[in-house]
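To start, I am sharing the structure in question, which I have written as structure tokens.
Both ligands and their constituent atoms are indexed starting at 1 by order of listing.
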Amino acid sequence: MTADSGFVVIGAGQAGGRAVEAMRKAGFAGRIVLVGEEPHVPYERPPLSKQLLSGDDGPETTYLRDRGFYREQDIDLRLGARASAIDPSARRVLLADGDELAYDKLLITTGSRVRRLAISGAELPGVFYLRDIEDALAIRARLAEGAALAVVGGGYIGLEVAAAARSRGCRVTVLEMEPVVMNRVVAPEVGRFFADVHAAQGAEVRTGTTVSGFAGDRRVDEVVCSDGTRLTVDLVVIGIGIMPNTALAEAAGLAVDDGIVVDEFGRTSDPEIFAAGDVARHYNPLLGRQIRLESWQNAQNQAIAVARVMCGSNVAYAEVPWFWSDQYDLNLQMTGVADRWDQIVYRGDMEDRRFTAFYLLDGVLVAANSVNLPRDVRYARKLIESGARVDRDALADPAVPLKTLLEA
Ligand SMILES: Cc1cc2nc3c(=O)[nH]c(=O)nc-3n(C[C@H](O)[C@H](O)[C@H](O)COP(=O)(O)OP(=O)(O)OC[C@H]3O[C@@H](n4cnc5c(N)ncnc54)[C@H](O)[C@@H]3O)c2cc1C
């Protein structure tokens, strides 16, 4: 290792921030440079669509650490700095300002960017996306009592924005193309439950509705739907998914397939380059397949595991995926991957707003969603990890502690 090389991390989000901490904790004493395009120290995004929108919190409440921490840890934090190229053969990263950074090992944690709607009027002022602190503060400033908000996309981010806007007294309409909300992550029955809760809270949820454009002179004042209906609005928030920031990796010749392809240790197709967080499509040994996750858990724990590997550990990142969303007084937790199942078993009652949906495939638990029952998800994670067959009657019976199924 030369004096000016060491570890370079591109992307100072949650994964990048947790990775550099873990490198020092693992005893790495060499040079660490963390390069981040945003002006902020690494921060967590979940509060952006929750506490930051519904309350008056300042952006610093989302920070992982303050600036002093990076100084104390001797981590060279380059904020407002964009990496523009990677040269794997010279082991160098080129920054947009012309600087060059040599590395012995490189970690890419460039995360994702929002998917944009390419329809007329989408560039009008008043049309927002939500990915960073500036987006959240700009949206919050416009969520005045009585303001008419249209949320395009009934995924979890859109629905969290809807809930926050209702808490500020806005008039809210959610427009979702699919027949149910949160279609990608929960079963239709659970999606309908959430749509009903939003309706009961005074938000209008229009499913099966495609937005075809936005209209307005100086700023958006109408949403145009493909069935011809028009909606008068003060602002629009679009939440239709994200895309991994893979351009740097692709240009450097790394294997990319909807995410930078890495093994269970976070290693890319170049043995000295690693990736973690939203941008990585990793091999998950528990699931037996490659998967790309967009979650807090993955951003934190995968980054820590990969940082340790860069410091000499040989422990793979292997966790059952877990995710949560808060909407009104509902805490939804999801574990496993609910993309294939042949049976759903419910425990608890939707009317009580405390229930869990267990997704089974060939009698094996593959995923679970719980509403206001976080403990069920804790046990479900362990049951999924065990890969054992589960007794459906016992799963459905709230009188049977899930713990006993683990012991079965
Ligand atoms: C509004 C919102 C709410 C969320 N809520 C939840 C939730 O409730 N539960 C949950 O589990 N997850 C939630 N998530 C998802 C979770 O926050 C993400 O999965 C996590 O932030 C991913 O972390 P990351 O570090 O991989 O990527 P990011 O957070 O995207 O960070 C990547 C960073 O890299 C920077 N970067 C990119 N390219 C370059 C470059 N070339 N040079 C320098 N810097 C670069 C970016 O500017 C960014 O700062 C939410 C996300 C959002 C946006």
Side-chain angles (χ1 to χ4, degrees), residues 8-20 33-53 62-64 77-86 93-97 99 101 106-115 128-137 139-140 153 155-161 163-164 185 237-239 241-252 259-260 266 275-282 292-304 306 321-327 330-335:
V8 172
V9 180
I10 306 176
Q14 187 189 347
R18 289 301 182 206
V20 294
V33 188
L34 176 58
V35 181
E37 200 169 4
E38 295 187 63
H40 304 278
V41 291
Y43 62 92
E44 293 187 345
R45 294 179 201 273
L48 303 186
S49 48
K50 305 177 183 70
Q51 298 87 334
L52 222 69
L53 273 198
T62 65
Y63 293 173
L64 300 185
L77 188 56
R78 308 271 184 105
L79 299 179
R82 190 170 64 82
S84 53
I86 301 165
V93 173
L94 184 68
L95 303 189
D97 65 8
D99 209 357
L101 300 169
L106 172 67
L107 175 61
I108 305 176
T109 49
T110 45
S112 351
R113 63 189 182 283
V114 294
R115 190 180 292 280
F128 295 93
Y129 293 86
L130 177 51
R131 183 72 197 168
D132 60 28
I133 285 176
E134 282 65 33
D135 296 335
L137 296 179
I139 294 168
R140 179 168 89 183
Y156 79 89
I157 290 199
L159 294 181
E160 288 183 356
V161 171
V185 286
V237 176
I238 301 176
I242 55 176
M243 293 182 301
N245 288 323
T246 53
L248 272 182
E250 239 167 303
I260 304 173
D278 276 16
V279 79
R281 171 172 290 277
H282 70 282
R292 192 174 66 75
L293 298 168
E294 300 164 357
S295 74
W296 179 96
Q297 172 210 27
N298 182 64
Q300 169 155 310
N301 297 350
Q302 188 187 32
I304 292 172
V306 174
W322 170 79
F323 187 86
W324 88 96
S325 172
D326 294 320
Q327 297 167 36
L330 303 180
N331 170 248
L332 168 68
Q333 298 205 14
M334 296 160 267
T335 188

Legend entry - Contacts of type side-chain hydrogen bond (donor to acceptor under 3.5 Å, both in side chains), residue Arg82, not counting sequence neighbours: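 None.
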Inset, instruction - State the CD-CG distance between Glu160 and Leu130, to the nearest 0.5 angstrom. - result: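 One gets 9.0 Å once the value is rounded to the nearest 0.5 Å.
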Output, or 'none' if empty, a list of ligand 1-protein atom pairs in which both atoms are N or O and the distance is under 3.5 Å, rounded to 0.1 Å.
from: ligand 1; atom 1: 5 (N); to: Lys50; atom 2: NZ; distance (Å): 3.2
from: ligand 1; atom 1: 8 (O); to: Lys50; atom 2: NZ; distance (Å): 2.5
from: ligand 1; atom 1: 8 (O); to: Trp324; atom 2: O; distance (Å): 3.0
from: ligand 1; atom 1: 9 (N); to: Trp324; atom 2: O; distance (Å): 3.2
from: ligand 1; atom 1: 11 (O); to: Trp296; atom 2: N; distance (Å): 2.9
from: ligand 1; atom 1: 12 (N); to: Trp296; atom 2: N; distance (Å): 3.3
from: ligand 1; atom 1: 14 (N); to: Tyr156; atom 2: OH; distance (Å): 3.4
from: ligand 1; atom 1: 19 (O); to: Asp278; atom 2: OD1; distance (Å): 2.6
from: ligand 1; atom 1: 19 (O); to: Ser295; atom 2: N; distance (Å): 3.0
from: ligand 1; atom 1: 19 (O); to: Ser295; atom 2: O; distance (Å): 3.4
from: ligand 1; atom 1: 25 (O); to: Gln14; atom 2: N; distance (Å): 3.2
from: ligand 1; atom 1: 25 (O); to: Ala15; atom 2: N; distance (Å): 2.8
from: ligand 1; atom 1: 26 (O); to: Asp278; atom 2: N; distance (Å): 2.9
from: ligand 1; atom 1: 29 (O); to: Arg45; atom 2: NE; distance (Å): 2.6
from: ligand 1; atom 1: 29 (O); to: Arg45; atom 2: NH2; distance (Å): 3.2
from: ligand 1; atom 1: 30 (O); to: Ser112; atom 2: N; distance (Å): 3.4
from: ligand 1; atom 1: 30 (O); to: Arg131; atom 2: NH2; distance (Å): 2.7
from: ligand 1; atom 1: 31 (O); to: Arg45; atom 2: NH2; distance (Å): 3.4
from: ligand 1; atom 1: 41 (N); to: Ala83; atom 2: O; distance (Å): 3.0
from: ligand 1; atom 1: 42 (N); to: Ala83; atom 2: N; distance (Å): 2.9
from: ligand 1; atom 1: 44 (N); to: Glu37; atom 2: N; distance (Å): 3.1
from: ligand 1; atom 1: 49 (O); to: Glu38; atom 2: OE2; distance (Å): 2.6
from: ligand 1; atom 1: 49 (O); to: Arg45; atom 2: NH2; distance (Å): 3.3

Inset, instruction - Please state whether the rings of Trp296 and Trp324 are parallel, tilted or perpendicular, taking 30° and 60° as the class boundaries. - result: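 Perpendicular: the ring planes of Trp296 and Trp324 meet at over 60°.
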Legend entry - Gap separating the CZ atom of Arg140 from the CG atom of Asp135, nearest 0.5 angstrom: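 Answer for the CZ-CG pair, Arg140 versus Asp135, is 13.0 Å.
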Legend entry - Donor-acceptor contact present, side-chain Thr109 to main-chain Ile10, <3.5 Å: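 A pair under 3.5 Å: yes.
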Inset, instruction - For the residue pair His40 and Tyr63, categorise the inter-ring angle as parallel (less than 30°), tilted (30 to 60°) or perpendicular (more than 60°). - result: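 The rings of His40 and Tyr63 sit tilted, inter-plane angle from 30° to 60°.
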